[in-house]
Amino acid sequence: MLSFKNISLLLLGLVEWGIFLVLIMYKLFLFATLTETVFYSEGAFGFIKNIFLFLFYGQTFNYLRHDLVLVSFGFLTLSTFWILLFKRRIRIILLTIANGLLTLLIYADLIHYRYFGDFTSFAELTQLNQVRDVSDSIISLMEWKDLLFWIDLLIILPIVIFVLKKVTFPNADRKIFSALIFLFIGWFSLAQGMFQFYFDHGGKGIVDKMISDVTVYNHVGLLGYHYFDARRFFKDLYVSKKGISSKQKEQIIEFFRDKEPKINKETFGLMNGKNLIVVQVEALQDFVIGRKVSGIEITPFLNRLKEESMYFQNFFHQAGQGRTSDADFLANASLYPLSSGSVFVRFPSHSFQTMAKVLRENGYHTSVHHAFEAGFWNRNIVYPQWGYGDFYSKEDFQEGENIGWGLEDKEFLIQSVEQIPEAPFYSFLITLTSHHPYTMPEKHHKLNVNGINDALLRDYLQSIHYVDRALEEFVSVLKRKGLWDNSIVVFYGDHDAGILNEGEESGLFATEGSQNHIDFLLEKNKVPLFIHLPGNALAGTYDTYGGQVDLAPTLLHLLGVSTEEFYYIGEDLLFSENRHPVVFAGQEMTDGHVWYTPGDDSDFYKGKCYDIQSKQQVSVEACYTVYKQGVAETEISQNIIIGNWIGNRK
Ligand code: GP9
Ligand code: MN
């Protein structure tokens, strides 16, 4: 009977489930608000108003992606409708647990977003043991207002405990009928939202290429993103078991068959038999080079080094979510990293033509040094595979002063020199002191940064100033040991520091006051590259546009190892004609003439193209050639990685 009483009872039976849905939808909205993504600009009231207008008048708005709301609602309903099949007591317990778990996921995404600018991924969840090591960074990323995520649980938990203890529910309180209705509603919302995503917004392209996690989120919300991320993770697992398709194999072969050999004949083999020392410096960006604060140079040592070595002033980091590990992969394997997750984490056992492996085959001794947990980024699994004879990690270093994440760089670098194997050798060193959040004890603050308001920028500059001195001491030890004059010594930054905001104090500091968007784009990913050769050979400032992917061919060519037959995407930086583009994570790219920024899906024409010289936006067509090549290079890299191309060829 459809009496008033019956309807009321039905609704009452859905109360806790309804509350759960509202709370999680609210938290997803809160997430968007705090990260200033998608629909935040309308505020909560505007958001509700827009949903209302959409539901009753079919009006859609740019800022209200109705599919985004539908997908979130659909996922929530589909994943929890079955809870209605249980008796009320169990239902309440299950919903409370589901609320706790989803809150944890959304909150982890928030913290992740604050640091990395995107969300946690399935591949990272399998690496949760690393969380312990980053607890300091995580705490610094928390804010008081984040309590809004947890406050409902703080209120609900005592109520739940009370209700479960004191209240006896009637027996027949299962909601089979309601569960079925909501199964249908959930499925319908999800299907509707997904249809929109696939048909109206290029969803297939977005998910297939996974250009960026944020793009997926922009269309299908946080839960939708997690669904596609998990789907990709398991697909990868399957793909890497099975290998790549024969069409993809042909593409790889064709790509390298058509690739022009680019060797600078004058510099090839110039450093035959010399040692190679590569120092990857944590978060070192280029805007600090040559700059002063309160009349003091930020990097006095590197500024002097500029005169004695090759300094590339248009060199960029190309790391993605894998951060330090991506930079390491780019530099050592000359392939672009994955669009999501780290190669170290997702495919730690796959083979690559790494510099260590190649040089080892050429009679070099090889070592890698990093004073941190050996398991971080799976290094303990990856490095032996990559051809390093020795991996020196945290436990191999004697105790010294700890700053930030661990042993400070001076001690780290000096102790590393002791560990370096006998000549000829290749040693790869990864520094750590200048890691986010860049805080150091006061006594190490040697710059006067009083004129700067942005606390993070202040700490960053102090930290880089400190590292500059550490590098100076490192070089003086190399000189004392006679290594400076028979080694190629390389310094470069692993990735941006995550501190530059366009138009704000930090961004303006980096662009030296320029408000031009192009100036900001250029600075944000630029890292310095110094290649010092014995006798200051080839010293000078180079304009060539290049990135980390170009390091291995450049260095191997100097050492007289040809990479012509290698599956390397990079090109010798000393060969300056007709170069390939610099491609960034997220598929921005530049060739030094134009700069392409993609739109929010994979459609080339939705992107923006800028002319670097005139600093003006130009017709997107002007970026087409660069885009075509950049996308091809990225796809080839991904297939080589995922298909374990090098490993499977043996
Ligand atoms: C720690 C270091 C961390 O081992 O690699 O670097 P990150 O990837 O966080 O910049
Ligand atoms: Mn790093």
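Read the numbers this way: they start at 1 and go in the same order the structure lists the ligands and their atoms.
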> Looking only at heavy atoms, is any part of H436 under 4.0 Å from ligand 1, and if so is it the side chain, the backbone, or both, or is it neither?
Replying inline: neither

>> With nothing but distance in play, are any N or O atoms of W405 less than 3.5 Å from an N or O of ligand 1?
In response: no

> Between H465 and T299, is a side-chain hydrogen bond (donor to acceptor under 3.5 Å, both in side chains) present by the stated rule, with each step listed?
Replying inline: CA-CA 6 Å; H465 188 60; T299 57; over 6 Å; no

>> What verdict does the side-chain hydrogen bond (donor to acceptor under 3.5 Å, both in side chains) test give for D286 and Q313, after you've listed the backbone C-alpha separation in whole Å, the side-chain angles of each residue and the deciding distance to 0.1 Å?
In response: CA-CA 8 Å; D286 191 68; Q313 62 177 359; over 6 Å; no

> Are any of the N or O atoms of R323 closer than 3.5 Å to those of ligand 1?
Replying inline: no

> If you measure from atom 2 (C) of ligand 1 to every heavy atom of D326, T324, D328, T431, which option wins on shortest distance?
Replying inline: T324

>> Could you identify the N, O or S atom of D494 positioned closest to the Mn ion (ligand 2)?
In response: OD2

> Should one rank Q321, R379, H435 by closest heavy-atom distance to atom 5 (O) of ligand 1, which comes out on top?
Replying inline: R379

> So, F530 versus Y492, ring centres under 6.0 angstrom or not?
Replying inline: no

>> Report the atom name of the nearest N/O/S atom of E282 relative to the Mn ion (ligand 2).
In response: OE1

> Considering distance alone, does some N or O of E282 sit under 3.5 Å from an N or O of ligand 1?
Replying inline: yes

> Strictly under 4.0 Å, does any heavy atom of E373 approach an atom of ligand 1?
Replying inline: no

> Closer than 4.0 angstrom: is that true for some heavy atom of L432 and an atom of ligand 1?
Replying inline: yes

